[in-house]
Q: 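To start, I am sharing the structure in question, which I have written as structure tokens.
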Amino acid sequence: LSAQCFNMTDLNDPSITCTYGYYDNPYASVGIINGRHTVMTNVNGKDNNIPQLSVVPPGETSSIRLGNDNTGSEAESITFEYTVDPDNTILLLKYAAVMEDPNHSAYEQPRLRLEVFDMQNNAIDPACSSFDFVANASLGWNSVNIGYGTVLWKDWTNIGVDLEQYIGETIKIRLTTYDCNQSGHYGYAYIHLGCTSKKIISLACGNIQSTTFQAPTGFEYSW
């Protein structure tokens, strides 16, 4: 079961930093912008553009929508600080995303970025705990035509990050969303953060020939 490691519904919490700006610098200003940093608590709510997409992931009670479906070359970020608990060393990120695909150059496309840093701003395992999704059909996301263009969307997806070697240290998780750089197309995402124990649990006992194991989500496993 995931633990409530982050007070996501309080964007004024000192462990949360919101920024806003434009495509070239999403971190230009620190502050909460209504509609660009939005707490979602309607567990039955659906996205305004993608009615198949829930605004809160299944089994959770809240999320944060980062960005919106306005245009204007806006970009924004949210950073969470977490002091790694020895009993909860797996960071669990759930995310969903909606981005228009205007077929600009890669640098000008809507995008979604995840980065995990230590307190010296060094990237933590960038190969496994970061991504930079640029709107493009090659992502393999769901696609729908809305208005005059193509909208790509990704349903709720889990990512796990193993932080065991950082027990007692404070790490930072930053997500950034971007509209297109030509100001006419949007990109935004929904996120939920939690954590869990780095344990694999047998759900059966006694003299039986088979058992079921429960392991942290967000990883791929080989038997």
Side-chain angles (χ1 to χ4, degrees), residues 18-28 33-60 62-79 93-116 126-160 173-193 217-218 220:
C18 296
T19 74
Y20 60 95
Y22 295 94
Y23 197 102
D24 290 333
N25 187 6
Y27 320 111
I33 299 296
N34 186 34
R36 294 170 68 177
H37 307 92
T38 308
V39 176
M40 316 297 290
T41 56
N42 182 359
V43 296
N44 297 312
K46 302 296 182 181
D47 180 76
N48 290 335
N49 297 295
I50 309 295
Q52 306 97 305
L53 177 60
S54 298
V55 300
V56 174
E60 304 294 352
S62 64
S63 73
I64 294 173
R65 189 186 67 209
L66 187 60
N68 54 37
D69 58 2
N70 295 336
T71 57
S73 192
E74 295 177 342
E76 46 280 309
S77 81
I78 186 166
T79 301
L93 168 67
K94 300 180 180 183
Y95 73 94
V98 180
M99 298 190 291
E100 288 189 289
D101 181 10
N103 287 314
H104 299 327
S105 64
Y107 176 72
E108 297 179 316
Q109 288 279 81
R111 66 201 306 151
L112 167 64
R113 178 175 290 172
L114 165 70
E115 300 159 291
V116 183
C128 295
S129 61
S130 66
F131 58 64
D132 186 5
F133 293 133
V134 178
N136 191 286
S138 65
L139 290 174
W141 292 7
N142 301 296
S143 175
V144 62
N145 291 323
I146 298 177
Y148 297 100
T150 299
V151 176
L152 305 174
W153 66 280
K154 187 171 181 63
D155 208 347
W156 285 101
T157 303
N158 298 333
I159 289 181
I173 306 101
R174 183 172 73 186
L175 290 108
T176 311
T177 50
Y178 301 74
D179 292 342
C180 86
N181 201 23
Q182 293 189 22
S183 78
H185 302 87
Y186 58 75
Y188 59 94
Y190 300 93
I191 57 175
H192 181 280
L193 279 175
T217 60
E220 293 182 357

Q: Would you please classify the geometry between the Tyr190 ring and the Trp156 ring as parallel, tilted or perpendicular, with 30° and 60° separating the classes?
A: tilted
Q: Supply the atom-to-atom distance Asp132 CG to Tyr178 OH, rounded to the nearest 0.5 angstrom.
A: 7.0 Å
Q: Distance from Trp153 atom CH2 to Leu139 atom CG, nearest 0.5 Å?
A: 14.5 Å
Q: Taking Glu108 for its side chain and Cys180 for its backbone only, find out whether a donor-acceptor pair lies under 3.5 Å.
A: no
Q: Could you report the tightest heavy-atom contact between Ile78 and Ile64, atom names first, then the distance?
A: CD1-CD1, 3.7 Å
Q: What is the distance from atom CG of Leu93 to atom CG of Leu193, rounded to the nearest 0.5 Å?
A: 5.5 Å
Q: Quick check: closest heavy atoms across Pro102 and Pro110, and the distance to 0.1 Å?
A: CD-CD, 3.8 Å
Q: Within the 3.5 Å criterion, strictly below it, is a donor on Tyr188 or Asn70 matched to an acceptor on the partner's side chain?
A: no
Q: Check whether any side-chain heavy atom of Tyr23 sits under 4.5 Å from a side-chain heavy atom of Arg111, and report yes or no.
A: yes
Q: I need the single residue from Asn49, Ile50, Leu152 that forms a side-chain contact (heavy atoms from CB on, under 4.5 Å) with Val144. Which is it?
A: Ile50
Q: Can you name the one residue among Arg113, Arg65, Arg36 that meets salt bridge (charged side-chain N to carboxylate O under 4.0 Å, His left out) with Glu76?
A: Arg36
Q: Quick one: OG on Ser129 to CD1 on Ile173, what's the gap to the nearest 0.5 Å?
A: 10.0 Å
Q: Which pair of heavy atoms, one from Asn42 and one from Val55, lies closest together, and at what distance?
A: O-CG2, 3.6 Å
Q: Will you find, in the side chains of Ser130 and Glu115, an N or O donor that is under 3.5 Å from an N or O acceptor?
A: no
Q: Rounded at 0.5 Å granularity, tell me how far CZ in Phe133 sits from CE in Met99.
A: 8.0 Å
Q: Can you list the steps and then say if Glu74 with Tyr186 is a side-chain contact (heavy atoms from CB on, under 4.5 Å)?
A: CA-CA 8 Å; Glu74 295 177 342; Tyr186 58 75; over 6 Å; no
Q: Just verifying a value: how many Å separate Asp179 CG and Ser73 OG, rounded to the nearest 0.5 Å?
A: 6.5 Å
Q: Please find the pair of heavy atoms, one from Gly35 and one from Asn68, that lie closest to each other, and give the distance.
A: O-ND2, 3.0 Å
Q: Go through the steps to decide whether Lys46 and Ser54 satisfy the test side-chain contact (heavy atoms from CB on, under 4.5 Å), and finish with yes or no.
A: CA-CA 4 Å; Lys46 302 296 182 181; Ser54 298; 3.0 Å; yes
Q: For the residue pair Thr157 and Lys94, confirm or rule out a side-chain donor-acceptor distance under 3.5 Å.
A: no
Q: Is Phe131 atom CZ crowded by more than 12 heavy atoms from other residues, nucleotides or ligands, each under 6.0 Å away?
A: yes
